[in-house]
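Only one structure is covered here, and it is reproduced in the block below.
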Amino acid sequence: MLINTQEKFNSVIPKLLSCVDPCVDTETNGLNSFGTTSTQGHRIIGISIDDGTEAYYFPFRHQIGVNLPMECLEFFRTYLSDPNRVFGGFNYKFDQLMLYADGIPFAPNIEDAMLALHLVNENEENFKLKDTCDRYGIGKGSLEESILLEKCGHKKDRMGELDPTDVEPYACDDVRLTRMLLDLLKPALVHQNLYYIWKQVNYYSYITTQMERRGLCLDVDLIKTYQAEAKEHQEAALSKLYDMAGYKINPNSSKQVCAFLGVKSSARDILDTIIDAGGEAAEKAQAVIEARGWLSVDTRYYTPYMKMMDINNTLHCSLNLIGTISGRLSCSNPNLQAVARPTNVFKVKDVFIARAGYTLVSADYSQAEMRLACYYAHEDTMAELIRNGEDIHSTTAEALDIPRSAAKRINFGVIYGIGAEALHKQLRIDKKTAQQYLNKYHGMYPQFRVLLGQTERYADQYGVIELWTGRRRHFNVQHAYTHKAMSNLIQGGVAEIMRTAISRLYPAISNLHGYMLLQIHDQIICEIPDDKLDIALPTIKAVMEDFNFDPRMTVDISYGKRWGDMQNWSDEI
DNA sequence: TAACAGAGTAAA
DNA sequence: CCAGTTTACTCTGTTA
């Protein structure tokens, strides 16, 4: 039902107010509510709400036809941020950010059908509302959508150019379908014992939305300095390469580099092999790496950051709760979970700074995956090393009489079931030696192999494995290979530890007027007021370590004004 | 010219 | 017929 006059609006207000679980969707003129230095933030053009009996569309910014007066948005400011209502949505994080851009605060209680879908079946071919409803036999197909997309040239962000009358059927369809999907998925969640997890994940969505909203502050002057420096090095590295090759070789073209070096792949590990061997080819390979580094540090970090930041020099990524099969978060636009670790070339972390009056705090779990693997596998030999605070790589290397690099690789790889083939490629040693190292390793720590087999057999037999929280990873579909079950158990398990910790930590950090900015799998980045650091640091450590695994989860904390320049903190001092 | 696959590289 | 896993992004080079 189209609500585009004050009279109609007044008549539906009582219906909205009597609904405690409205389903909400927004139509917008784009995907980015924050805007960039060169583009304005996108805005809501209308809001649709299903109150359980009827669906309404409230148009505000259509370029033609009759809109509701903007004053009516005032009602939604309180209504849509009401902590006493539960808002149903599909990828509601997106709608919340859009609503926020119109001054509507985030509502803490949400029920997101997309998150429910991912919990019930993380193997879905996609997580689009209409496609999902088609697959589950809900609604009357994507008829409304296809008609509408036809009208606006197949671009949803141009829906504002249409009359509200044309958009209403589509917009109302979305909220009706969302409610139907929620009604379908809730019993499935209950049946799989996932309902409580879902409520938690909805809250996690609320927290991560706040992280996106806050964003990370950039030191623009330093970016420009680093860009200029990178450009100089690029030119030097390229001219050196051109001299060597005798023509203008492109270091990013694997074809050209392969021809230049007489190899079949120009990937980094192949180039490293050539460098190991020494000689003239080694110099060539070194020059390619040098040039690639100075080119990519700019094209992959500085330049995109300058383009993507908002007018306050703030960078807002997207934290995706359904981006992975294992239950980890994924991060995009930009991917701040994959910012290069600091080197002479990649000084990228330096350009992320704390806002005035705040300090950045990084808290990361030490050896989280290995600890969880020990816990699951009852691998007591390794567990004892960890409990005693030993360097597990060095100790392993000494005990087995293998290089430390090999011990380190196996320690990381064993969680994923590494074999001789992969180890020989990574360490650039022959396959026989790799197999010997593995045999020694599994002789010393026999339980990892046992867990690998057990988890795989369990997944084969039951088609599903359960993480320590009760979250499930399903293997009862094609292309869900059970040899990955242990990896998923550990990776997903750490993700659940992180989710639990962040959910517990959020109220504490908010009370101190601090902010969480980012989650990087086993690490969080926060921004804490300078005068609250003394309280915040021990609190963060205590909350994050508050689990009952053996060996226990421990957290290393560092703090500073730049991400690239942090000092370690210890509460002993 | 746009779309796509493949190679390469960043993180945990 | 997968054999360390989970991602996101940029570039090259070919194809529609």
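Chain identifiers are assigned alphabetically (A, B, ...) following the order of the sequence lines, protein sequences preceding nucleic acid strands; residue numbering begins at 1 within each chain. Worth saying up front: this structure is predicted, and the values here are computed from it rather than measured.
Between R371(A) atom CZ and dA12(B) atom P the separation is 17 Å, expressed in whole Å. Between F412(A) atom CZ and dA11(B) atom P there is a gap of 13 Å when expressed in whole angstrom units. Put simply, CE on M308(A) is 13 Å from C1' on dT10(C), counting in whole angstrom units. Following rounding to the nearest Å, K408(A) (NZ) and dA12(B) (C1') show an atom-to-atom distance of 13 Å. Distance R449(A) CZ to dA3(C) P: 18 Å, rounded to the nearest Å. Here dC2(C) presents its P atom at 12 Å from CD of Q478(A), a figure rounded to the nearest Å. Put simply, CD on Q337(A) is 8 Å from C1' on dA11(B), counting in whole angstrom units. For L438(A) and dA3(C), the CG to C1' distance is 13 Å, given to the nearest whole Å.
The gap from the P atom of dA7(B) to that of dC1(C) amounts to 22 Å, rounded to the nearest Å.
Side-chain contact, D460(A) with T482(A): a donor N or O sits under 3.5 Å from an acceptor N or O. A donor atom on one side chain and an acceptor atom on the other are not found under 3.5 Å apart for T299(A) and S296(A). Side chain to side chain, T554(A) and R371(A) meet the donor-acceptor criterion of an N or O pair below 3.5 Å. There is no side-chain donor-acceptor pair under 3.5 Å between N123(A) and H474(A). With hydrogens and angles left out, the side-chain atoms of E369(A) and Y416(A) include a donor and acceptor closer than 3.5 Å.
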Quick one: which protein N/O atoms are closer than 3.5 Å to N/O atoms of nucleotides 5-8 of chain C? Pair and distance per line, please.
residue : atom : partner : partner atom : Å
dT5(C)  : OP1  : H483(A) : NE2          : 3.4
dT5(C)  : O4'  : S487(A) : OG           : 3.4
dT5(C)  : O2   : Q491(A) : NE2          : 3.0
dT6(C)  : OP2  : K484(A) : NZ           : 3.3
dT6(C)  : O4'  : Q491(A) : OE1          : 2.8
dT6(C)  : O2   : R328(A) : NH1          : 3.3
dT7(C)  : OP1  : I325(A) : N            : 2.9
dA8(C)  : OP1  : S330(A) : OG           : 3.1
dA8(C)  : O4'  : N335(A) : ND2          : 2.9

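You'll find the ring centres of Y302(A) and Y305(A) outside the 6.0 Å limit. Ring centroids of Y458(A) and Y462(A) are separated by less than 6.0 Å, placing the two rings close together.
For E456(A), there are no salt bridge (Lys or Arg N to Asp or Glu O under 4.0 Å) partners at least two apart in sequence or on another chain. For R457(A), the salt bridge (Lys or Arg N to Asp or Glu O under 4.0 Å) test picks out no residue, with sequence neighbours left out. Residues passing the ring-ring contact (aromatic ring centres under 6.0 Å, His included) test with F94(A), sequence neighbours excluded: none.
DNA chain B lies under 4.0 Å from at least one heavy atom of each of the following residues of residues 285-300 of chain A: R292(A), R300(A). Scanning residues 239-271 of chain A for heavy-atom distances under 4.0 Å to DNA chain B yields S254(A), S265(A), S266(A), A267(A), R268(A).
At the heavy-atom level, V339(A) lies under 4.0 Å from the strands shown only through sugar-phosphate atoms.
Screening Y376(A), Y375(A), Y365(A) against F549(A) for a ring pair (Phe, Tyr, Trp, His ring centres under 6.0 Å) leaves a single residue, Y375(A).
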